[in-house]
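Index from 1, following the sequence.
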Amino acid sequence: MELEKLQPKIFQEFKHILKSDRLNHAYLFSGDFASFEMALLLAKSRFCEQPADGLPCGECRSCRLIAANDFSDVRVVEPSGQLIKTETVRSLLREFSSSGFEGQSQVFIIRDADKMHVNAANSLLKFIEEPQSDSYIILLTRDDSKILPTIKSRTQIFHFPKNTVYLTRQLEQAGLLKNQAEILADLAKDWTQAEEFAQNSKMLDLLKACERFVSLLFKSKDLAFLEGARLTQIAADKSEQDWIFQILTLLLAKQYENRAALDYLEAVYQAKQMWLSNVNFQNALEYMVIK
């Protein structure tokens, strides 16, 4: 099972919880790496027609419908724009008060739960404090510090750190050099994005150009100055320029034992702040080299 490779420790914990039938009514999953996949697995476990030691089979009608987000008793809520509105959550809670269509259980998954309006978040407290016997709620967030303390104190929290070792290994198997695989694994938030990076020729070009730029920083400032101009030519839009700052930071951080690398890390940070303040990208890179 892929989830077992992505988050082996957490998978084993929930495997034990499901086998002993001790699933809690409210969870808070912090971190993007496979947290939604785990939420779906827990949802499937409530409705699977052929479970094995509590784990869903993934093949029955219920499991397939849940995976397709087409199962009436599993609701996935996402922000509308940058906000999850109060009425959306209140409508969700009204559904909690009724019986499920397929059975007695209901599972509600709220993605980007930190984007709930404060009134929406407060509306959840009543359910979390007085849960229905067969209803479950799973909140997903990138950063649990943005969740109301009153909700955090009433949910079981699991942290989903990025498995960079797994990502690096997969990227190497996709044909990347080890050092390139490590950088892209650090950049990507999950395997889907890492795979997109590996297949994106422009991203690979940016990575190679940044590697040349960093190499020249330690050899010749004059050549690095010229390479900065080349970076500007291949990074036409803001998103690509942002990737360059991130890649440069990661490349220099890997050489932390070199005193000059630490100085350049500070220079990259300052150059990026200048760029964010609308200084021309090439001028920001030139400042970094000269400084």
Side-chain angles (χ1 to χ4, degrees), residues 6 31-34 82 142-143 160-291:
L6 295 171
D32 276 341
F33 200 80
Q82 294 298 311
R142 292 182 182 181
D143 183 358
F160 286 73
K162 184 165 66 173
N163 190 341
T164 52
V165 173
Y166 172 84
L167 288 181
T168 299
R169 185 168 58 248
Q170 293 298 107
L171 288 169
E172 286 186 86
Q173 291 177 3
L176 270 67
L177 298 175
K178 182 177 181 180
N179 63 321
Q180 294 175 334
E182 289 173 346
I183 293 297
L184 293 184
D186 283 333
L187 281 177
K189 67 177 183 179
D190 53 32
W191 166 240
T192 300
Q193 189 174 44
E195 192 173 33
E196 290 174 357
F197 287 164
Q199 297 173 355
N200 187 331
S201 59
K202 187 57 176 292
M203 176 59 75
L204 296 178
D205 287 342
L206 291 176
L207 177 54
K208 292 174 183 176
C210 286
E211 289 175 328
R212 285 195 300 271
F213 182 66
V214 169
S215 176
L216 290 172
L217 282 175
F218 299 114
K219 296 178 181 178
S220 168
K221 284 198 172 187
D222 290 339
L223 293 177
F225 198 87
L226 294 174
E227 189 65 24
R230 184 173 182 278
L231 273 177
T232 302
Q233 291 177 349
I234 66 173
D237 59 47
K238 298 285 282 188
S239 62
E240 293 170 351
Q241 293 166 6
D242 186 48
W243 285 126
I244 283 179
F245 282 120
Q246 293 187 54
I247 293 170
L248 290 177
T249 300
L250 291 169
L251 289 171
L252 289 165
K254 288 183 178 296
Q255 302 189 45
Y256 66 92
E257 294 180 353
N258 185 332
R259 174 63 190 177
L262 298 178
D263 292 336
Y264 277 125
L265 272 172
E266 175 64 23
V268 170
Y269 172 78
Q270 293 179 3
K272 185 172 183 178
Q273 296 309 304
M274 293 168 60
W275 174 74
L276 290 172
S277 300
N278 294 319
V279 172
N280 177 275
F281 179 64
Q282 183 170 345
N283 290 343
L285 287 182
E286 290 172 351
Y287 165 82
M288 173 190 163
V289 176
I290 293 170
K291 186 177 186 303

(request) Evaluate the side-chain proximity of Val289 to Phe213: yes if any heavy-atom separation is below 4.5 Å, no if none is. (result) yes
(request) Measure centre to centre between the rings of Phe245 and Phe281, then say whether the value is under 6.0 Å. (result) yes
(message) Strictly by salt bridge (charged side-chain N to carboxylate O under 4.0 Å, His left out), give each pair with a member in residues 162-173 just once, sequence neighbours left out.
(response) none
(message) Nearest 0.5 angstrom please: Leu6 CG to Asp190 CG, how far?
(response) 9.0 Å
(request) Check side-chain hydrogen bond (donor to acceptor under 3.5 Å, both in side chains) between Asp222 and all other residues, then give those that pass, not counting sequence neighbours. (result) none
(message) If I take atom CD1 from residue Ile247 and atom NZ from residue Lys208, how far apart are they, to the nearest 0.5 angstrom?
(response) 12.5 Å
(message) So Leu216 and Lys221, do their side chains get closer than 4.5 Å, heavy atoms only?
(response) no
(message) Taking salt bridge (charged side-chain N to carboxylate O under 4.0 Å, His left out) as the cut-off, I'd like each qualifying pair that reaches into residues 239-253, sequence neighbours left out, listed once.
(response) Lys202-Glu240, Asp242-Lys272
(request) List for me each residue that meets ring-ring contact (aromatic ring centres under 6.0 Å, His included) alongside Trp191, sequence neighbours excluded, and say none if there are none. (result) none
(request) Supply the atom-to-atom distance Met203 CE to Gln193 CD, rounded to the nearest 0.5 angstrom. (result) 7.5 Å
(request) Evaluate the side chain to side chain contact (heavy atoms under 4.5 Å, CB included) criterion for residues Thr249 and Tyr269: first the C-alpha distance (whole Å), next the side-chain angles of each, then the deciding distance (0.1 Å), finally the verdict. (result) CA-CA 8 Å; Thr249 300; Tyr269 172 78; over 6 Å; no
(request) Give a yes or no on whether Phe218 atom CZ has more than 12 heavy-atom contacts from other residues, nucleotides or ligands under 6.0 Å away. (result) yes
(request) Give, for atom CD1 of Ile290 and atom CG of Leu285, the distance between the pair rounded to the nearest 0.5 Å. (result) 11.0 Å
(request) Please say whether more than 12 non-hydrogen atoms of neighbouring residues, nucleotides or ligands are located less than 6.0 Å from CD in Gln199. (result) yes
(request) Working to the nearest 0.5 Å, report the span between OG1 of Thr168 and CG of Asp186. (result) 6.5 Å
(message) If I compare all heavy atoms of Ala271 with all of Ala284, which pair ends up nearest, and what's the gap?
(response) CB-O, 3.4 Å
(request) Spell out, as yes or no, whether a donor-acceptor pair under 3.5 Å connects the side chain of Asp32 to the backbone of Arg142. (result) no
(message) Main chain of Gln273, side chain of Ser277: is a donor-acceptor contact present, judged purely on distance under 3.5 Å?
(response) yes
(request) Give the minimum heavy-atom separation between Leu171 and Ala198, together with the two atoms involved. (result) CD2-CB, 3.7 Å
Only pairs under 3.5 Å count here: list side-chain donor-acceptor contacts from residues 174-185, not counting sequence neighbours, and write none if there are none.
unit_1	atom_1	unit_2	atom_2	d
Asn179	ND2	Glu211	OE2	2.9

(message) Working to the nearest 0.5 angstrom, can you tell me the gap between Phe33 CZ and Leu167 CG?
(response) 4.0 Å
Give every donor-acceptor pair under 3.5 Å between a side-chain atom in residues 223-236 and any protein atom, sequence neighbours left out.
unit_1	atom_1	unit_2	atom_2	d
Glu227	OE2	Arg212	NE	3.4
Thr232	OG1	Gly228	O	3.0

(message) Is there a side chain to side chain contact (heavy atoms under 4.5 Å, CB included) between Trp275 and Tyr287? Walk through the geometry before answering.
(response) CA-CA 11 Å; Trp275 174 74; Tyr287 165 82; over 6 Å; no
